[in-house]
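What follows is a set of notes on a single structure, which appears directly below.
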Amino acid sequence: MSSVADDQSRDPTPDPAEDNAFFPSPYSLSRYTSPKTDFAGVRHRGAYTEGRWKVLMIAAAERYVLTQNGAMFSTGNHPVEMLLPLHHLMEAGFAVDVATVGGYPAKLELWAMPREDEAIQATYQAIKPKLKQPMKLSDVVTNHLTKGDADYIAVFIPGGHGAVVGLPTSEGVARTLDWALANDKFVITLCHGPAALLAATLGKDESPFKGYSVCVFPDSLDEGPNLEIGYLPGRLPWLVAGLLREQGLHVLNDDMTGRTHQDRKLLTGDSPLASNDLGLLAADALVGAAQS
């Protein structure tokens, strides 16, 4: 890194909207964010034209994660982890519906928004109205999934630390995942998004994802460097990869390299670095399934 970046503060930045809440430090943002992504084009532009199949995105509507020291991390959905996979899917021809657990607006970590990335910005403008007025997930379950008329080919759960609040304990998320597994639909998620897979165990003796292999954000970063560089203002109340392992899932990665993986119809990525490759992988899988 340049000396300018090295001189930046490693203290988390106060969020004036809430008491004892913090954004990531300037130094951590210099390490983790960029004005552009690694997007280099889509593979399936306009490949799906029939119009029936859609993607259901379950977004986080929570802004704050309470850490162990009482400080709150100002978070939400990571914009690259949400918008870059969506760009590949929407460009392929799949419409997207957005739901949150309570029907409240989806929250974004705008401090991570790549402002100079045309693909990201175009997708953000296209999906923004649905982010502001999403569906309530329980209504989707009741009115569509349980009635057998849902035209969803996949469920997409983006990352961002906001995914650890509410999604893992949501009955609506649990029922959506049950529906996806029972109806042979794709589940796509990355970074901290796989925290939502923990909901699949609600009311069951074991996870239906037991034995699946996944990529997820490494606990070692949230326990070490993310604290040291001021990305987080305190230790998280629990760690995603560790709990997934406890439920019998096999976590493939222990670092952050942009790795992706497909196990049956579960597609995962390890971090924001995986966003583009996960979008390519998901578009390949969905277009192939829709055409067959």
So, taking the atom named [atom1] in [X] and the one named [atom2] in [Y], what distance separates them when rounded to the nearest 0.5 Å?
X    : Y    : atom1 : atom2 : result
T176 : E171 : OG1   : CD    : 10.0 Å
F217 : L273 : CZ    : CG    : 9.0 Å
S275 : L84  : OG    : CG    : 5.5 Å
S170 : I58  : OG    : CD1   : 7.5 Å
H88  : H44  : NE2   : NE2   : 10.0 Å
D219 : L236 : CG    : CG    : 9.0 Å

* Note, T67 side chain near R235 side chain (heavy atom, < 4.5 Å) -> no
* Asked: Given side chains that start at C-beta, do those of L197 and L266 come closer than 4.5 Å, heavy atoms only?
  -> yes
* Structure fact -> So salt bridge (Lys or Arg N to Asp or Glu O under 4.0 Å) across residues 93-105, not counting sequence neighbours, yields K54-D97, D97-K130
* Could you list all the salt bridge (Lys or Arg N to Asp or Glu O under 4.0 Å) pairs where at least one residue sits in residues 172-182, not counting sequence neighbours? => D178-K204
Are the side chain of [X] and the backbone N or O of [Y] linked by a donor-acceptor pair below 3.5 Å?
X    : Y    : value
T189 : I157 : yes
Q247 : F209 : no
D15  : F23  : no
D11  : S25  : no

* To do: Starting from the C-alpha separation in whole Å, work towards a yes-or-no answer on side-chain hydrogen bond (donor to acceptor under 3.5 Å, both in side chains) for D222 and N226.
  => CA-CA 5 Å; D222 276 338; N226 278 357; 2.9 Å; yes
Please tabulate, for side-chain N and O atoms in residues 179-188, each donor-acceptor pair with protein atoms closer than 3.5 Å (sequence neighbours left out).
residue : atom : partner : partner atom : Å
N183    : ND2  : W179    : O            : 2.8
D184    : OD2  : K265    : NZ           : 3.2
K185    : NZ   : Y152    : O            : 3.4

* Linking I/L/V/M/F/W/Y whenever any side-chain heavy atoms sit under 4.5 Å apart, do V55 and L83 land together? -> yes
* Would you say I153 and L267 are hydrophobically clustered, going by side-chain heavy atoms of ILVMFWY under 4.5 Å? -> yes
* Structure fact -> The salt bridge (Lys or Arg N to Asp or Glu O under 4.0 Å) partners of R43 (sequence neighbours excluded) come to D284
* Asked: Under the salt bridge (Lys or Arg N to Asp or Glu O under 4.0 Å) test, which residues partner R52, sequence neighbours left out?
  -> D151
* To do: Take K107 and E62, measure what salt bridge (charged side-chain N to carboxylate O under 4.0 Å, His left out) needs, and give me the verdict at the end.
  => CA-CA 7 Å; K107 305 300 190 297; E62 295 289 343; over 6 Å; no
* **Derivation of the side-chain hydrogen bond (donor to acceptor under 3.5 Å, both in side chains) call for D270 and H261** => CA-CA 9 Å; D270 69 12; H261 183 69; over 6 Å; no
* The single option from H87, E118, K128 passing side-chain hydrogen bond (donor to acceptor under 3.5 Å, both in side chains) against T123 -> H87
* Structure fact -> Contacts of A174 meeting side chain to side chain contact (heavy atoms under 4.5 Å, CB included) (sequence neighbours excluded), chain-then-number -> A199, L202
* To do: Determine the interplanar angle of the H161 and Y231 rings, folded into 0 to 90°, and report it as parallel if under 30°, tilted if 30 to 60°, perpendicular if over 60°.
  => tilted
